[in-house]
Amino acid sequence: MPGHVNRQWLVAKRFTEEVTEQNFRWVESPVPAPSEGQFLARNLWYSFDPTQSFLVGRGDSAGPESGAIPIGEVMRGLAVSEVVESRHPAFKAGDIVHGHMGWEDYTVTDGQGFAPTYRVPDGVPPNWALGALGITGLAAYFGMHEVARPKAGETFVISGAAGGVGSIAVQLAKIRGLRVVGIAGGSAKCDWLLQEAGADGAIDHRTEDVGRRLTELCPDGIDIFFDNDGGSTLDLALDRLRSGGRVVLCGATSRYATGPPPPGPTNYLALVMVNGRMEGLLARDYLPRLREAVDGMLPLLRSGRLKSKEDVLVGLRNAPTALGRLYSGANIGKQLLRMDDTSVDEGHN
Ligand SMILES: NC(=O)c1ccc[n+]([C@@H]2O[C@H](COP(=O)([O-])OP(=O)(O)OC[C@H]3O[C@@H](n4cnc5c(N)ncnc54)[C@H](OP(=O)(O)O)[C@@H]3O)[C@@H](O)[C@H]2O)c1
């Protein structure tokens, strides 16, 4: 790609109160060339994940061990990209890959890092490869099947219900025959949960008393709580857990990028009284079982029984805005960004 310009977003400033466009700086550089063991990728689509705040780094805790990207280096995120030149034995020009790439037009990489690069399975469009059939979908799929281990008829409550992970988990729970109550911010998200995702109940945590509504909607208690937000909702759910109840710790968005972290759960001893179980999962560790999740969900996506709800911005310029939407709660479904000039087909539904 000699002669081409590589537009990039660099990490410019640690955050204190919240992550915004002010934390990044736009530059234009020459396109780099791959060395032996590397390949050059043209980035096509990006995923946004709330934990990217750790890459930007909180001002008071962004030491070298924190995992924060050094100031002045390119911001990174999960992306689907096309290999354009390769000196790497595992990849060749034309391959469509999923990896941890820079927020830039072209990335040179050895394919290692936060999530090792892999070829996107045949028949999986890039938006699905980053959402329902990516790390997001793995969290929902294995969080449900391996950690929650649901039985038909159980009551399933989930926070962050209308986000990337939540929107898939809610629908998988319905497909498994569970009674589903989703907690989300705002009436548009609650409407989507009830009218599109098939949830039996929805709680707007911005305007409703979540504890009171949980008691109303789950009069016999909660069998499974799938936690995406952390914070006070976890305490409310622990308090209502039924005998043999399970808590799936998927994420804690409320703790990532705004102000100081809230205190930990105070009601964890409720687990003792119900012989309950609270267990985390790291979707990245399930990547070796990606094929299983794709086989489980691709037919559902193709048939429309499982909808891939996506919020798509267009153009690299909008990458900081896309990330910020996760913390303001503006996104409904999986937050994605499509590069300005991508020509790879997307999945529909
Ligand atoms: N364990 C794993 O391997 C794994 C993998 C992927 C994702 N995750 C985690 O799963 C969670 C959801 O990820 P996602 O990609 O699907 O994001 P998402 O839910 O699509 O987006 C974030 C959502 O979090 C909510 N939120 C933002 N700030 C909040 C705050 N201060 N308090 C409470 N809620 C807040 C907002 O929804 P509302 O408006 O509805 O509140 C926002 O839309 C994240 O915590 C993420 O780190 C874990």
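In listed order, ligands and their atoms are each counted from 1.
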Sub-4.0 Å atoms of ligand 1 with respect to non-hydrogen atoms of L282: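 The atoms of ligand 1 under 4.0 Å from a heavy atom of L282 are 3 (O).
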Check ligand 1 against H205 and write out every atom of the ligand that is under 4.0 Å from a heavy-atom position of the residue. 38 (P), 41 (O)
Looking at ligand 1, does [X] have a heavy atom less than 4.0 Å from it?
X: P50; result: yes
X: Q335; result: no
X: R255; result: no
X: A162; result: no
X: A252; result: yes

Is N228 touching ligand 1 with its side chain, its backbone, both, or neither, if touching means heavy atoms under 4.0 Å apart? both
Heavy atom under 4.0 Å from ligand 1: found in A184's side chain, backbone, both, or neither? both
What protein heavy atom lies closest to [atom]? Include the residue and the distance to one decimal.
atom: atom 42 (C) of ligand 1; answer: L326 O, 3.1 Å
atom: atom 36 (C) of ligand 1; answer: G329 CA, 3.7 Å
atom: atom 19 (O) of ligand 1; answer: G163 CA, 3.4 Å
atom: atom 16 (O) of ligand 1; answer: V165 N, 2.7 Å
atom: atom 43 (O) of ligand 1; answer: N331 OD1, 2.6 Å

Determine yes or no for a side-chain-to-main-chain donor-acceptor pair under 3.5 angstrom, with D204 supplying the side chain and G186 the backbone. yes
Give a yes or no answer on whether the side chain of D229 reaches the backbone of S254 with a donor-acceptor pair at less than 3.5 Å. no
Can you get from I175 to I158 by hopping between Ile, Leu, Val, Met, Phe, Trp and Tyr side chains that sit under 4.5 Å apart? yes
Once ring pair (Phe, Tyr, Trp, His ring centres under 6.0 Å) is applied, what residue pairs with a partner in residues 278-300 remain, sequence neighbours excluded?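 As it turns out, the ring pair (Phe, Tyr, Trp, His ring centres under 6.0 Å) pairs with a partner in residues 278-300, which skip direct neighbours, are F142-Y286.
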Could you tell me whether R14 and D60 make a salt bridge, using a distance below 4.0 angstrom between a side-chain N and a carboxylate O? no
Distance-only donor-acceptor pairs under 3.5 Å for side chains of residues 112-120, two or more places apart:
residue, atom, partner, partner atom, Å
T117, OG1, G111, O, 3.4
R119, NH1, A90, O, 3.0
R119, NH1, D95, OD2, 3.0

